[in-house]
Amino acid sequence: MNRSELDAVPSIALGTEEVSLLEMTSAYATFAAAGAYHAPTTVLRIEDRDGNVIEEFASEADQVLKPEVAHTLVDM
């Protein structure tokens with residue numbers, strides 16, 4: 001997982017540090033997945049022209065938030 005080097009300063013809550021779009025969407029997707037973080041995957045599956053699945057790719061999920069916390073954030 002890519003992680004930006006962030007300075008521990010109070011203004012971080014105001015968005016003074018830079019993070020990539022991939023990091024930001026990964027963080028918000030964790031809330032939507034009830035606190036389960038999935039590492040970003042570019043290709044999900046490969047199919048032939050008839051729709052037969054040749055290969056599937058999935059990342060392992062890590063529970064990084066309690067589901068009730070994630071649901072509260074989504075509800076807000």
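Heads up: numbering here begins at 1 and tracks the sequence.
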**Message:** Could you measure the distance from the OH atom of Tyr28 to the CG atom of Leu73? Nearest 0.5 Å is fine.
**Reply:**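 One gets 10.0 Å once the value is rounded to the nearest 0.5 Å.
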Identify the heavy atoms of [X] and [Y] that sit nearest to each other, and give their distance.
| X | Y | value |
| --- | --- | --- |
| Met24 | Val19 | CE-CG2, 3.5 Å |
| Gln63 | Ala34 | NE2-O, 2.9 Å |
| Ile46 | Val43 | CG1-CG1, 4.2 Å |
| Ala61 | His38 | CB-CE1, 3.2 Å |
| Ser26 | Tyr37 | CB-CE1, 4.0 Å |

**Prompt:** How about Glu23 and Ser20: does a side-chain donor come under 3.5 Å of a side-chain acceptor?
**Reply:** yes
**Asked** Do the non-hydrogen side-chain atoms of Glu56 and Leu44 ever get within less than 4.5 Å of each other?
**Response** no
**Prompt:** Under a single-linkage definition using a 4.5 Å side-chain heavy-atom cutoff for Ile, Leu, Val, Met, Phe, Trp and Tyr, are Val53 and Phe57 assigned to the same hydrophobic cluster?
**Reply:**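 No; Phe57 is not reachable from Val53 via cluster members.
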**Fill in**
Contacts satisfying salt bridge (charged side-chain N to carboxylate O under 4.0 Å, His left out) that involve residues 62-76 (not counting sequence neighbours) are none
**Message:** Quick test of your reading: applying side chain to side chain donor-acceptor pair (under 3.5 Å), list the pairs with at least one residue in residues 44-54, sequence neighbours left out, ordered by first then second residue.
**Reply:** Arg45-Glu47, Asp48-Asn52
Please tabulate, for side-chain N and O atoms in residues 9-16, each donor-acceptor pair with protein atoms closer than 3.5 Å (sequence neighbours left out).
| unit_1 | atom_1 | unit_2 | atom_2 | d |
| --- | --- | --- | --- | --- |
| Ser11 | OG | Thr16 | OG1 | 3.1 |
| Thr16 | OG1 | Ser11 | O | 3.1 |

